[in-house]
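A short write-up of the structure that comes next.
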Amino acid sequence: MIQGLDHIEQTITESDAWESIKGFLSQNMTFGKDINISIFDILVIITVIFITTVILRILLKLITRNLPKQEKTKFNVVYGYFRWLIYIIILLITLHNVGVNVTAVFAASAALLIGIGLALQTLFQDIISGIFILVDQTVHVGDIIELEGKVGRVEEIKLRTTRAVTIDNKVLVIPNHLYLTNSLYNWTQNGSTTREFVTVGVAYGSDVQLVKKLLLQAARTNEDVISSPEPNVIFTEFGDSSLDFKLIFTIGDSFKAQFPKSDIRFEIDRLFRENNISIPFPQRDIHIIQK
């Protein structure tokens with residue numbers, strides 16, 4: 001049986017058709033001075049490119065399967081640019097492996113890529129960060145974020161920048177690489193409500209239970225304060241010149257937190273005046289020693 005198979009294989013190998021195929025695949029084509037490539041090498045290159053395409057499509061589906069439609073469209077744009085870069089790298093490696101002298105091409109490509117990388121380093125950082133944002137889903141349109149002391153509501157997430165609008169209706173353009181190099185506070189990732197607070201100090205000797213009652217009243221009567229969870233008052237410390245309290249409450253729109261906080265401070269001042277509770281100013285005792 002084995003001898004029969006060997007005989008068939010030898011017959012096929014020695015046949016005129018096989019020799020014709022081998023001769024056809026071995027035909028060389030010359031491009032320029034140093035580039036010499038056969039038809040078989042071209043078939044190998046086409047096969048490698050096809051396999052690369054299949055692998056890239058599988059990776060694209062795995063990465064974007066959980067992305068919203070809008071973010072998926074943005075990621076596809078980035079994928080288009082990087083796909084051609086990968087094709088070029090795979091093509092050069094394949095050509096080198098089949099015996100084509102691409103040393104000069106490698107050297108020129110390396111020098112070009114280094115120059116482009118140095119010139120566009122920040123741009124690449126922004127694009128890579130934009131991809132991380134789209135994949136990781138740490139920031140969404142409509143979120144209220146704080147970055148480097150600046151607060152804004154996210155209006156649009158692009159590949160290079162994120163556009164947000166501040167409370168003063170100013171457009172805040174944030175380079176995406178700042179997300180990787182700074183601490184980002186997402187105020188609304190856990191929901192639209194946030195816990196806010198107002199601090200106040202009262203004079204020593206004040207009725208602290210009355211102070212607590214008035215602070216809670218100031219919070220509960222504000223229409224922007226949510227009733228659940230209930231507002232709370234914390235006696236923080238005995239300060240140098242005052243007894244310090246913190247009034248904690250929940251609001252529904254943290255983006256406009258400064259307005260209800262301001263209204264609550266107005267109400268606290270009014271209630272304290274009506275109940276003869278004073279807010280002291282810092283005091284210092286000066287001792288003059290005469291010699």
Side-chain angles (χ1 to χ4, degrees), residues 68 132-133 136-157 162-172 174 176 178-204 206-275 277-280 282:
F132 286 158
I133 293 172
D136 194 39
Q137 294 288 287
T138 54
V139 179
H140 300 81
V141 173
D143 286 354
I144 299 172
I145 61 173
E146 179 181 351
L147 187 67
E148 292 186 333
K150 300 179 181 65
V151 179
R153 190 191 300 273
V154 176
E155 296 291 331
E156 186 178 13
I157 301 175
T162 296
R163 188 170 66 88
V165 177
T166 67
I167 188 64
D168 302 320
N169 201 30
K170 298 177 181 178
V171 177
L172 184 64
I174 307 171
N176 286 337
L178 294 179
Y179 290 112
L180 299 181
T181 57
N182 294 273
S183 297
L184 171 69
Y185 297 94
N186 192 328
W187 290 11
T188 53
Q189 190 171 37
N190 293 330
S192 60
T193 62
T194 55
R195 295 285 276 176
E196 305 290 341
F197 65 89
V198 169
T199 59
V200 64
V202 300
Y204 274 89
S206 301
D207 186 345
V208 293
Q209 293 302 323
L210 177 60
V211 170
K212 179 179 180 180
K213 176 182 176 182
L214 297 177
L215 291 177
L216 292 175
Q217 180 181 340
R220 289 166 179 165
T221 55
N222 190 285
E223 61 182 10
D224 293 317
V225 175
I226 299 175
S227 58
S228 179
E230 282 279 335
N232 198 7
V233 174
I234 298 177
F235 191 162
T236 56
E237 63 179 332
F238 296 93
D240 293 338
S241 305
S242 62
L243 305 174
D244 298 330
F245 294 84
K246 177 186 287 187
L247 172 62
I248 304 174
F249 51 90
T250 304
I251 60 174
D253 188 358
S254 58
F255 190 56
K256 299 180 179 179
Q258 59 178 339
F259 298 113
K261 290 168 75 172
S262 175
D263 293 338
I264 289 174
R265 292 188 183 100
F266 277 119
E267 183 65 10
I268 290 173
D269 182 72
R270 186 185 68 82
L271 291 174
F272 279 9
R273 290 178 184 275
E274 289 182 355
N275 291 272
I277 294 178
S278 61
I279 300 176

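All values derive from a computational prediction rather than experimental measurement.
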Could you tell me the separation between the CG atom of L215 and the CD1 atom of I234, rounded to the nearest 0.5 Å?
12.0 Å
Qualifying side chain to side chain donor-acceptor pair (under 3.5 Å) pairs, either residue in residues 210-221, two or more places apart:
R220-E230
Indicate yes or no: at least one non-hydrogen side-chain atom of T166 is less than 4.5 angstrom from one of V151.
no
If you measure from NZ on K261 to CZ on F266, what distance do you get to the nearest 0.5 Å?
14.5 Å
Nearest 0.5 Å please: distance from the OG1 atom of T199 over to the CD1 atom of I248.
11.0 Å
Nearest heavy-atom pair of V208 and L243: which atoms, and what distance?
CG1-CD1, 3.9 Å
For R163, all residues meeting side chain to side chain donor-acceptor pair (under 3.5 Å), sequence neighbours excluded
none
Side chains of I277 and V211, heavy atoms from C-beta outward: is any pair under 4.5 Å?
yes
Nearest heavy-atom neighbours spanning P229 and T250
CG-OG1, 3.4 Å
So, taking the atom named CZ in R195 and the one named CD1 in I251, what distance separates them when rounded to the nearest 0.5 Å?
11.0 Å
Positive for side chain to side chain contact (heavy atoms under 4.5 Å, CB included) with F249, one of D224, L216, V225, N232
V225
Quickly, which of N176, L178, V141 forms a side chain to side chain contact (heavy atoms under 4.5 Å, CB included) with T162? Name it, please.
N176
Results of side chain to side chain donor-acceptor pair (under 3.5 Å) for R265 - residues two or more places apart only:
none
How many angstroms lie between CG in L214 and CG in N275, if you round to the nearest 0.5 Å?
4.5 Å
Contact summary for P260 and N222, nearest pair of heavy atoms:
O-ND2, 3.8 Å
Tell me, please, which residues at least two apart from E223 pass side chain to side chain donor-acceptor pair (under 3.5 Å).
none
Take atom CZ of R270 as the centre, draw a 6.0 Å sphere, and report whether it contains more than 12 heavy atoms from other residues, nucleotides or ligands.
yes
Holding to side chain to side chain donor-acceptor pair (under 3.5 Å), I want the full list of residues that pass it with D244, two or more places apart in sequence or in another chain.
S242
Return the CG to CG distance between L172 and L147, rounded to the nearest 0.5 Å.
8.0 Å
Under 3.5 Å, is there a donor-acceptor pair between the side chain of Y185 and the main chain of I144?
no
F235: which residues meet the ring pair (Phe, Tyr, Trp, His ring centres under 6.0 Å) condition with it, sequence neighbours left out?
F238, F245
Considering all heavy atoms, the nearest A203-P280 contact
N-CD, 3.3 Å
